[in-house]
Amino acid sequence: MKFFADTAEIDAIAELNELGILDGVTTNPSLILKSGRDIVEVTREIAALVDGPVSAEVVAMQAPAMIEEGRKLAAIADNIAIKLPLTWDGLKACKALSGEGHMINVTLCFSANQALLAAKAGAAFISPFIGRLDDIDLDGTDLIADIRLIYDNYGFDTEILAASIRSVNHVTECARLGADVMTAPPEVIHKLAQHPLTDKGLETFLKDWEKTGQKII
Ligand code: E4P
């Protein structure tokens, strides 16, 4: 499973990248706002830092303008994935830009049929938003299972990028269901390493080690 960081905060990205576990980054207009940075500048910095795909989102609503914005974002670096919303115009732009060889991440996916359309339009990634489905009392992970089944039925190579991940349980469930990628806020990725029994066990080991009076180095 590939791990993407869902943030535009350079320091947090650099820390995850240093551990060698980061396969890419996703941003969106809200994350750019939160960073307080200029979209082109911050995207360029992130793309230089991380080897994998860095998603940058268009904000136009009509296909011709989306295509123009997409080309501008793609020109920032070779590893940019143009993020397009799952609307009819977004699909038109996806077909055109993927045809030009650009990597496309179709975002704001909330149904299996939307995911089917994105795959047919040539998306490299489809981003089902599982947390936002949970927010309206639906089971977001059911959508991951449905898309996995449908893509496997027809051999679509669009990667399922589980997005809007809010908890470590979301990560486990998406991994169980075979999502290709998950994108999560850095805090959630850090929490994956935590377990109270690890902390408790370590405390006991360290106390007992002190009693031995030994040193390793
Ligand atoms: C994914 O690409 C999106 O940026 C993100 O996962 C949305 O998450 P949210 O629903 O927590 O805003």
Side-chain angles (χ1 to χ4, degrees), residues 1-10 12-13 16-17 21-37 39 42-43 45-47 50 52-60 66 69-70 73-74 76-77 79-87 90-91 93-94 97-98 102-111 114-115 118-119 121 123-144 147 158-175 177 179-192:
M1 188 190 220
K2 291 178 204 165
F3 274 25
F4 288 3
D6 198 25
T7 183
E9 308 294 333
I10 293 285
I13 294 168
L16 293 168
N17 202 39
I21 60 159
L22 200 58
D23 303 296
V25 171
T26 49
T27 67
N28 63 38
S30 305
L31 293 171
I32 296 293
L33 173 70
K34 201 171 158 198
S35 76
R37 301 281 313 274
I39 183 170
V42 77
T43 304
E45 264 181 58
I46 298 169
V50 176
V54 174
S55 292
E57 188 159 343
V58 307
V59 289
M66 285 174 162
E69 286 185 359
L73 293 172
I76 295 173
N79 54 338
I80 299 297
I82 304 164
K83 217 175 181 191
L84 298 166
L86 214 156
T87 59
L91 291 169
C94 178
L97 290 166
S98 62
H102 295 296
M103 190 167 31
I104 309 298
N105 174 1
V106 176
T107 190
L108 290 167
C109 170
F110 293 96
S111 80
Q114 288 182 318
F125 300 102
I126 181 69
S127 290
F129 274 36
I130 65 175
R132 293 193 194 188
L133 281 168
D134 288 358
D135 289 346
I136 57 162
D137 293 330
L138 293 171
D139 187 341
T141 55
D142 282 353
L143 177 58
I144 302 293
I147 301 172
T158 301
E159 293 189 51
I160 302 173
L161 196 176
S164 187
I165 297 240
R166 306 269 172 79
S167 68
V168 293
N169 291 342
H170 274 156
V171 178
T172 314
E173 201 50 30
C174 288
L177 294 168
D180 300 287
V181 191
M182 73 92 196
T183 190
E187 311 83 72
V188 172
I189 298 179
H190 280 277
K191 273 193 195 151
L192 295 174

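Being a predicted model, the structure only gives us computed values, none of them experimental. First listed ligand is number 1; within each ligand, the first listed atom is number 1.
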Hey, does the side chain of [X] reach the backbone of [Y] with a donor-acceptor pair shorter than 3.5 angstrom?
X    : Y    : value
E69  : A60  : yes
E173 : N169 : no
K83  : T27  : yes
S98  : A121 : yes
T158 : A123 : yes

Could you pull out every N or O of ligand 1 that sits under 3.5 Å from a protein N or O, with the distance for each pair?
from: ligand 1; atom 1: 2 (O); to: K83; atom 2: NZ; distance (Å): 2.6
from: ligand 1; atom 1: 4 (O); to: D6; atom 2: OD1; distance (Å): 2.9
from: ligand 1; atom 1: 4 (O); to: N28; atom 2: ND2; distance (Å): 2.7
from: ligand 1; atom 1: 4 (O); to: K83; atom 2: NZ; distance (Å): 3.3
from: ligand 1; atom 1: 6 (O); to: D6; atom 2: OD2; distance (Å): 2.7
from: ligand 1; atom 1: 6 (O); to: S164; atom 2: N; distance (Å): 2.7
from: ligand 1; atom 1: 10 (O); to: R132; atom 2: NE; distance (Å): 2.6
from: ligand 1; atom 1: 10 (O); to: R132; atom 2: NH2; distance (Å): 3.4
from: ligand 1; atom 1: 10 (O); to: S164; atom 2: OG; distance (Å): 2.7
from: ligand 1; atom 1: 10 (O); to: R166; atom 2: NH2; distance (Å): 3.0
from: ligand 1; atom 1: 11 (O); to: R166; atom 2: NE; distance (Å): 3.2
from: ligand 1; atom 1: 12 (O); to: R132; atom 2: NH2; distance (Å): 2.8

From D135, D6, D134, residue fulfilling salt bridge (Lys or Arg N to Asp or Glu O under 4.0 Å) relative to R166: D135
